[in-house]
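Treat the numbers as computed from the prediction; the structure is a model and nothing was measured. A note on names: the letters A, B, ... follow the listed sequences, proteins ahead of strands, and every chain is numbered from 1.
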There are 2 protein chains.
Amino acid sequence: MSAKLAQKIKRLRKEQNLTQIKLAKKAGIAQSFLSNIENDLQSPSLKNLEKISKALDISLPDLLK
Amino acid sequence: MSAKLAQKIKRLRKEQNLTQIKLAKKAGIAQSFLSNIENDLQSPSLKNLEKISKALDISLPDLLK
DNA sequence: CTGTAGACTGAGGTCGACG
DNA sequence: CCGTCGACCTCAGTCTACA
């Protein structure tokens with residue numbers, strides 16, 4: 001669906017030297033779920049997107065651009 | 001959770017003279033579900049938010065601002 | 001026209017393990 | 001460190017109906 005979002009999350013995570021486990025923990029979601037999101041296999045809910053954007057220190061609208 | 005989004009959707013819908021049924025149909029979702037979203041009783045998925053933003057002729061990031 | 005309710009299905013999401 | 005798999009459970013989202 002939205003493959004760009006997946007790539008952006010992965011890119012931002014790596015730029016901040018975070019592992020999937022660290023980011024997942026920071027965002028309060030499961031690592032396996034984060035992996036699925038980064039590979040565009042699952043479409044997260046608004047709630048979880050907000051958590052992820054906060055964990056990446058970026059606003060939700062910006063994350064979706 | 002995000003009450004502002006709910007209000008914004010309702011506002012934009014009315015500005016475009018759409019009923020819940022019309023907008024729901026245009027977005028491909030159920031009217032009862034749209035009602036719940038507009039009253040902040042349910043948190044939609046990314047997928048459905050995209051559908052709604054398109055039906056309202058607004059970009060998803062802008063809808064979330 | 002809208003809010004709400006009940007009953008239902010499928011997707012979102014967890015946890016743990018492993019190559 | 002990451003991708004994936006299976007078992008599991010919650011909730012998003014459906015439809016129909018009604019005040």
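- Between B/Lys10 and C/dG3 there is a side-chain N or O to OP1 or OP2 distance below 4.0 Å.
- Look at A/Asn36 and you won't find any side-chain N or O under 4.0 angstrom from OP1 or OP2 of C/dG13.
- The side chain of A/Lys47 sits closest to D/dA12 out of C/dG3, D/dA12, D/dT14.
- Side chain of A/Asp62 to main chain of A/Ile58: no donor-acceptor pair is present (N/O by atom type, distance under 3.5 Å, no hydrogens or angles).
- Contact annotation: A/Arg13 side-chain N/O to D/dC2 OP1/OP2 distance is under 4.0 Å.
- The distance between atom CG of A/Asn17 and atom P of D/dC2, rounded to the nearest whole Å, is 11 Å.
- Checking the phosphate oxygens (OP1, OP2) of C/dG13, a side-chain nitrogen or oxygen of A/Ser45 falls inside 4.0 Å.
- Checking B/Glu38 against B/Gln20 by side-chain atom types alone, a donor-acceptor pair falls below 3.5 Å.
- One can place CG of A/Leu49 at 12 Å from C1' of C/dG12, the figure rounded to the nearest angstrom.
- Separating the NZ atom of B/Lys51 from the C1' atom of C/dA11 is a distance of 12 Å, rounded to the nearest angstrom.
- For the pair B/Glu50 CD and D/dA12 P, the interatomic distance rounds to 18 Å; values are reported in whole Å.
- You'll find that the side chain of A/Ser32 is closest to C/dG16, out of C/dG16, D/dC1, D/dT16.
- Nearest to the side-chain atoms of A/Phe33 among the listed nucleotides C/dT14, D/dA17, D/dC2 stands C/dT14.
- Distance, B/Asn39 CG to C/dT2 P: 11 Å, rounded to whole Å.
- A sub-4.0 Å separation between OP1 or OP2 of C/dT2 and a side-chain N or O of B/Lys22 is absent.
- In terms of polar N and O atoms assigned as donor or acceptor, the side chain of B/Gln42 comes within less than 3.5 Å of the base of D/dG13 in a complementary pairing.
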Assess whether side chain to side chain contact (heavy atoms under 4.5 Å, CB included) is satisfied between A/Ile37 and A/Leu49, documenting all intermediate values.
-> CA-CA 10 Å; A/Ile37 294 174; A/Leu49 260 188; over 6 Å; no
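- Distance CG (B/Asn48) to P (D/dC11): 18 Å, rounded to an integer number of Å.
- Where A/Leu41 and B/Leu34 each meet DNA chain D at their nearest nucleotide, the meeting point lying more 5' is that of A/Leu41.
- Summarising the geometry, the separation between CD1 on B/Ile37 and P on D/dC11 is reported as 17 Å, rounded to the nearest angstrom.
- Counting only heavy atoms from C-beta on, A/Thr19 has its side chain closest to D/dC2 among C/dG13, D/dG13, D/dC2.
- B/Lys51 contributes no side-chain N or O that, together with a main-chain N or O of B/Ala27, makes up a donor-acceptor pair within less than 3.5 Å.
- In this structure, the CD1 atom of A/Ile29 is 13 Å from the P atom of D/dC2, given to the nearest Å.
- The shortest distance between the side-chain N/O atoms of A/Gln31 and the OP1/OP2 oxygens of D/dC1 is not below 4.0 Å.
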Dump the intermediate steps for side chain to side chain contact (heavy atoms under 4.5 Å, CB included) on B/Ile52 and B/Leu60, then the final yes or no.
-> CA-CA 9 Å; B/Ile52 293 169; B/Leu60 183 47; over 6 Å; no
